[in-house]
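Comments concern the structure below.
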Protein chains: 2
Amino acid sequence: MLELRHLKTLLALYESGSLVAAAERLHVTQSALSHQIKDLEDKISASLFVRKSRPLRLTTAGYKLLHLAQDVVPQVKAVERELGRLATGETGRLHIAIECHSCYQWLMPTLNQYRQHWPDVELDLASGFNFAPLPALCRADLDLVVTADPEPLDGISYIPLFRYESLLALPKEHSLTKKRFIEPQDLASETLIIYPVEQGRLDIFKQFLDLAGVEPKAIRTSELTLMMIQLIASGRGVCALPNWALTEYLEKAYITAKPLGKDGVWSTLYLAVRDDQLNAPYMQDFILTAKDTCVETLQGITLLK
Amino acid sequence: MLELRHLKTLLALYESGSLVAAAERLHVTQSALSHQIKDLEDKISASLFVRKSRPLRLTTAGYKLLHLAQDVVPQVKAVERELGRLATGETGRLHIAIECHSCYQWLMPTLNQYRQHWPDVELDLASGFNFAPLPALCRADLDLVVTADPEPLDGISYIPLFRYESLLALPKEHSLTKKRFIEPQDLASETLIIYPVEQGRLDIFKQFLDLAGVEPKAIRTSELTLMMIQLIASGRGVCALPNWALTEYLEKAYITAKPLGKDGVWSTLYLAVRDDQLNAPYMQDFILTAKDTCVETLQGITLLK
DNA sequence: CAAAAAAAATGAGATTGTTTCAAGTTTATC
DNA sequence: GATAAACTTGAAACAATCTCATTTTTTTTG
């Protein structure tokens, strides 16, 4: 019944002091306004302003509406502007999930830098083990997924960030440290520590053990990389981790690490993005920032050969 | 562009979780809503909710609009309800002006009692000497005028409150106190104290002196009744005042008073009301309250004969 | 105070926007 | 993979809002 149009009219009427002026302001004819006001007055069965008076005076009803308009119209305009910026990609939402659980090294600097450039983009970072981020990305529950397993999905693009090698982390004095590289059957007598996800999603199974049909002696899980390192250092298992996630601990000589197989197990880390957001400026800039940060963060690390 | 309709739709959509349910809530077909949303989405060039999901999920743009709606729609509804009450006369504005400057005796009790019954009516009481309240009433600057001079005006009705007699207040030992009543020429040698208004609006001129073509020796003005009484008591003039305004001072024997002419000068005090407000419940009740209070307040007073 | 100018109201027709109906498509469910 | 429910789409009916042309009212000015 009551519409924003009416409130805008009240504002224009009050601020300009006459129908003619208000009509000009609103880019309609004076007749249109006259009709509009008459209709509104009929609907609320009260007049809105005293006609025989210049500048025009509002009635009680008119003032009530004016006050409402003064409250509401600016709010609405603000949201309209925000929607405009949303549509042109000047701002947006960036709900991120990481499938790779040692990404904080380069993701945190990325987010910090990005936040400065895009203070209005709604940033959120989720990392859980028990949900599939890619379907959530399709459903628009998420906007960006960091993953090493790109599944071909409709409307999803994958942007490669960098290649990395999965290394087997071992206690310093372990017998396998004598070998130049690890062979699948070496693990048949070891306890393998993994993140609590299905084995099919782990490089060490997909690209190494499964190919040789070997299973480790035992499997235990841990959610935290630091915890894994401690378990390894105390001889309670071994673990495959990305080279860059190990650098810190290798340099401090807490543990050692060896390639998996003669050529090593290599993967690529991707950013998965929905196509409808791919070209938005705020998304493109995130991708660039992430790539830059990866290069910076990773260039100094020890890459075992 | 954006309209309240759209905001209401967003609310219904969010609260009901589906187009069908929202359509039912809004009493339109689901098709109408579909069109409406599509139009809106085209206009803001962004989608509002993710379709492939039940219950439906809003996008960032959708949420922005939802939050706006949650803010704005209740405000608008509140004002609509208020306008409804205004229209039916359940509430309103009562800006009152008094032309008669000794009315507080009965007006204050009236206002106090009225306020309890109509807490939402916007009460205001103005009393100035230098403006004409009746034109202001016509212009809707005022809603009610207490006056003893009803001018026939279009759209104004006068409700008689009570009749009163104008008495000439005199010092206790004045020579005129020996007379049963005052004659016009008695005043030719007296200083007359009046409220600072044009003489044409005062009973003592209109109904007494002017008829006889007599002018007082001198005229001085005072804005306060109490001040007038003091001037009179100290022998510095005489003054015509309504009987009920004098009661208190006569009883305390500060002054005396005599009728003007053999039959006295009588007037009627009226409430002037614009016709468009006359039948509003809040106005009718004010009129009744005022009449009652007048009867109560005035019944105990000494009416000189 | 009357004439002129400005402002506002009015009515009819044109235009635009909104709704419904009917039929299609997609998505969810068993 | 069939069925039902939810949603989309296009065309036509319907309703609203606007403009144009004109009249009425109010204000200004000579």
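Letters A, B, ... are given to chains in the order of the sequence lines, protein chains preceding strands, and every chain is numbered from 1.
- With a 6.0 Å radius and a threshold of 12 heavy atoms from other residues, nucleotides or ligands, A:Glu41 has its CD atom above the threshold.
- B:Tyr282 and B:Tyr114 get closest at one heavy-atom pair: O-OH, 2.6 Å.
- A donor and an acceptor atom, one from each side chain of A:Thr60 and B:Glu122, are nowhere located under 3.5 Å apart.
- Remark: P of C:dA8 and CG of A:Leu26 are 13 Å apart, rounded to the nearest angstrom.
- Summarising the geometry, the separation between CG on B:Leu33 and P on D:dC7 is reported as 10 Å, rounded to the nearest angstrom.
- Rounded to a whole Å, the CD1 atom of B:Ile37 is 15 Å from the P atom of D:dA6.
- Within the structure, a side-chain polar atom (N or O) of B:Arg5 is placed less than 4.0 Å from OP1 or OP2 of C:dT18.
- Residue side chain A:Gln30 does not reach the base of C:dA7 through any donor-acceptor N/O pair under 3.5 Å, judged by distance alone.
- Distance NZ (B:Lys38) to P (C:dT18): 13 Å, rounded to an integer number of Å.
- In this structure, the CD atom of A:Gln36 is 14 Å from the P atom of D:dA16, given to the nearest Å.
- Nearest-nucleotide mapping onto DNA chain D: of B:Leu56 and A:Lys43, the residue sitting toward the 5' end is B:Leu56.
- The interatomic distance linking A:Asp42 (CG) with C:dT10 (C1') rounds to 13 Å, in whole Å.
- Proximity of A:Ser18 to the phosphate of C:dA8: a side-chain N or O atom is located under 4.0 Å from OP1 or OP2.
- Distance from the side chain of A:Val28 is smallest to D:dT19 among D:dT9, C:dT20, D:dT19.
- B:Glu24 places its CD atom 14 Å from the P atom of D:dA5, with the value rounded to the nearest Å.
- Rounded to an integer number of Å, the gap from A:Glu3 CD to D:dA15 C1' is 14 Å.
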Begin with the C-alpha distance, continue with both residues' side-chain angles, and end with the deciding distance and a verdict on side chain to side chain donor-acceptor pair (under 3.5 Å) for B:Gln207 and B:Ser267.
CA-CA 9 Å; B:Gln207 297 189 42; B:Ser267 299; 3.3 Å; yes
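- A donor N or O paired with an acceptor N or O is found under 3.5 Å between the base of C:dT20 and the side-chain atoms of B:His35.
- For the pair A:Ser31 and D:dC18, the criterion of a side-chain N or O lying under 4.0 Å from OP1 or OP2 is not met.
- Within a 6.0 Å sphere centred on CD of A:Gln284, other residues, nucleotides and ligands contribute more than 12 heavy atoms.
- The side chain of A:Arg51 places an N or O atom within less than 4.0 Å of a non-bridging phosphate oxygen (OP1 or OP2) of C:dA9.
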